[in-house]
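Single-structure report; data block below.
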Number of protein chains: 2
Amino acid sequence: VSFLSEDDFLRFMDRFFPRSNNHLLLGRGDDCAILSCPQEICLSTDIFLEGVHFRRSYFSAADIGYKALAVNLSDIAAMAARPLGFALNLMFPEEIKKDFLEEMFAAMSDLAGVYSIPLVGGDLSKAPCLGLDITIWGQSSGRFLTRGGCQPGDILFILGEIGLARAGLMALEENNRDHLQPFPESVQAHLRPQIHLQKAWQLGGQKAVRGLMDVSDGLVQDLPRFTGQDLGTNISLQGQDLHPEVISFAQERGLDPLKFALLGGEDYALLGAAAKEEIPALQTILPELRPIGEVISQPGLFIANQPAKLSGFDHFQKEES
Amino acid sequence: VSFLSEDDFLRFMDRFFPRSNNHLLLGRGDDCAILSCPQEICLSTDIFLEGVHFRRSYFSAADIGYKALAVNLSDIAAMAARPLGFALNLMFPEEIKKDFLEEMFAAMSDLAGVYSIPLVGGDLSKAPCLGLDITIWGQSSGRFLTRGGCQPGDILFILGEIGLARAGLMALEENNRDHLQPFPESVQAHLRPQIHLQKAWQLGGQKAVRGLMDVSDGLVQDLPRFTGQDLGTNISLQGQDLHPEVISFAQERGLDPLKFALLGGEDYALLGAAAKEEIPALQTILPELRPIGEVISQPGLFIANQPAKLSGFDHFQKEES
């Protein structure tokens, strides 16, 4: 790509992202944006980098634009919050073409449009690889749901699939995009993860819900982050409860589907907790809410009361599933 | 570097950046930070990338940590605002050592400490080169000073040096850090730019000041961004008014010092405007305030009433100075 100037790039961005919005008092093109804020906001930032988080060999430009924003929206969902706006730092190598950026921004703009959130500004730089660093912020939809706050005996639940995006990633790495038919929903879960914002707002409205987070590094790693290191989890979820593609993907490779799913990675499912007696009422409101196990006073991960020997995303190589 | 986990990295960061602050209701380690906000905030984000914005051959780890945050603080200064907090996306290649990060974070922490701003969160990724993407936000110190708002006849002024950081960059590129003595203040201006926050707040308190921006791409490019494309600038500043190192650096290379300084780049000086009759009063408050020329109704850049043929940072190669 060559843009004549930063001003030229700003005009290009105007084609995809509106400059006016209730939240945005002064938009792109000054030293800072000026934002109208509620008393409290929640804020998160994520790196989405080629070769680390995606490959151009099987991510389309539109997939990249979608997912860069989606994973940030997932952090807002994890607080049961409503997104207000976002900023983009875009790094790109010389060979990126203008129509690639157009496709990427169109998909990002479509997703931003669903929640009417403005792109308030950002920065632009040449770089050795494509990267999209997004900062996003939001406001409470009633209360922020943080991690933790659960007690032994509480039921842990998820909304969304676990293991599916991991199957998708592995299928894409093995076969690349073009040769791939057998695991369409897995691939979709990796390229275009579903973000559960509306469901998060419903959970935020229920006092029974103790806390919430999004599962981005796999349950094995994220469960102790949620419960705190002083508590543990006893998983009651069974392999047969998983998405059929996860079961068949794991079995084809001689892996245990449940362990495969617990190692997860990039699930972007929501993980929450509530007292056991509150679960039926929550399921009336959110039938997709799926109990996966119980918080226990003994630290560590157990599956059906047996200690589970699993290590998470940092150590994929050494996994024992 | 190898950190055992993201949690391990969070503990490492705790050594440099406090977790508690009035602005920070929930700190690092959850899906989002929760921030206590005024009714309006200003927000900016900047990419600071190895090979594009700095080189490790002549930037120390401490210089990198300092400058990554400093250039963001400059965007807050350019609004006459007070910084509230920042988030960091850190990308680093495998070979970066832990003591490099320690030195880098210590310098960043020192600068953040000057303004008591918390690091509220961020993200971490392996990458082909070192990169620090910072998002920063602030609150008004009375009013936000945006770009523009000036009229023909207004006097343009700067706070800080122009051309000095450019001389420093060129000296470093020519000679590298170790061999360099003749241009110490130039080199300092490039490696450790001074940020004019307090002066910006003083300007914000003066009704006479029409607007403000920070000069990051050189005055040649930034003047029309400030005045708007419909107005022009007649520069009255003279070569002899520049920093002595700028004069000698340019003259040694057969370049006109004034044109060299106007092309600038990374000056991080503040550029403002006020009606002519208000300038003496402003100079009583800020003696360093230096008039550089006048806003004129004819678009374009003029030097002492003659059209100036200069192109800015995007086209360094073609400059005619």
Side-chain angles (χ1 to χ4, degrees), chain A residues 4-7 25-26 29-47 49 51-53 74-79 81 85 87-91 120-129 131 133 135-138 144 146-148 212-214 217 221 225 312 314, chain B residues 4-7 25-26 29-47 49 51-53 74-79 81 85 87-91 120-129 131 133 135-138 144 146-148 212-214 217 221 225 312 314:
Chain A
L4 289 176
S5 64
E6 205 172 305
D7 310 287
L25 303 178
L26 176 71
D30 211 303
D31 299 293
C32 289
I34 300 178
L35 309 175
S36 166
C37 280
Q39 283 195 314
E40 291 182 4
I41 63 171
C42 65
L43 180 141
S44 178
T45 187
D46 266 320
I47 301 172
L49 202 62
V52 181
H53 304 96
S74 184
D75 284 315
I76 297 294
M79 304 297 285
L88 169 67
N89 279 330
L90 177 65
M91 296 162 277
V120 311
D123 196 9
L124 187 66
S125 174
K126 286 178 200 171
C129 63
D133 279 11
T135 301
I136 195 166
W137 52 93
F144 291 119
T146 59
R147 298 180 184 181
L212 201 64
M213 76 178 284
D214 73 326
D217 293 338
Q221 283 214 53
R225 291 175 183 156
D314 282 340
Chain B
L4 288 175
S5 64
E6 206 172 306
D7 309 288
L25 304 178
L26 177 71
D30 210 303
D31 299 293
C32 289
I34 301 178
L35 309 175
S36 166
C37 280
Q39 281 194 315
E40 291 182 5
I41 63 170
C42 65
L43 179 142
S44 178
T45 186
D46 267 320
I47 301 172
L49 202 62
V52 181
H53 303 96
S74 185
D75 283 316
I76 297 294
M79 305 297 284
L88 170 67
N89 279 331
L90 177 65
M91 296 163 278
V120 311
D123 196 11
L124 187 65
S125 175
K126 286 179 199 171
C129 62
D133 280 11
T135 301
I136 195 166
W137 52 93
F144 290 119
T146 60
R147 297 180 185 182
L212 201 64
M213 78 178 282
D214 74 325
D217 293 339
Q221 283 214 55
R225 291 177 183 154
D314 281 338

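Letters go in sequence order (proteins before strands), and every chain restarts at 1. Owing to the predicted nature of the structure, the values given are computational and were not obtained by experimental measurement.
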Ranking S44(B), A78(B), A33(B), G29(B) by heavy-atom pairs under 4.5 Å to chain A gives rank one to A33(B)

Using non-hydrogen atoms and a 4.5 Å limit, figure out which bit of L25(A) sits close to chain B: side chain, backbone, both or neither. side chain

W137(B) side chain near L43(A) side chain, heavy-atom distance below 4.5 Å: yes

Output the distance between atom CG (D31(A)) and atom OG (S74(B)), rounded to the nearest 0.5 Å. 7.5 Å

Taking atom CG of L35(B) and atom CD1 of I41(A), what is their separation to the nearest 0.5 Å? 5.0 Å

side-chain contact (heavy atoms from CB on, under 4.5 Å) assessment of I76(A) paired with C32(B): CA-CA 7 Å; I76(A) 297 294; C32(B) 289; 4.0 Å; yes

Looking only at G121(A), G122(A), A127(A), A87(A), the option with the highest number of non-hydrogen pairs under 4.5 Å against chain B is G122(A)

First locate atom CG of D30(A), then atom CZ of R147(B), and finally report the distance between them rounded to the nearest 0.5 Å. 5.0 Å

Residue, of H53(B), Q39(B), K126(B), that accumulates the most heavy atom pairs under 4.5 Å with chain A: Q39(B)

For each of N89(B), L88(B), L26(B), tally heavy-atom pairs with chain A at distances under 4.5 Å, and name the one with the top tally. N89(B)

Which one of I136(B), L49(B), I47(B), I34(B) has the most heavy-atom pairs closer than 4.5 Å to chain A? I47(B)

Go through the steps to decide whether M91(B) and M91(A) satisfy the test side-chain contact (heavy atoms from CB on, under 4.5 Å), and finish with yes or no. CA-CA 12 Å; M91(B) 296 163 278; M91(A) 296 162 277; 3.9 Å; yes

Say whether T45(A) and D123(B), considering side chains only, have a donor N or O and an acceptor N or O under 3.5 Å apart. no

Report which part of M79(A) has an atom under 4.5 Å of a heavy atom belonging to chain B: side chain, backbone, both, or neither. side chain

C37(A) vs E40(B), side-chain contact (heavy atoms from CB on, under 4.5 Å): CA-CA, chis, key distance, verdict: CA-CA 6 Å; C37(A) 280; E40(B) 291 182 5; over 6 Å; no

Sequence neighbours left out, what passes side-chain contact (heavy atoms from CB on, under 4.5 Å) with L124(B)? Give chain and number order. F9(B), L90(B), F92(B)

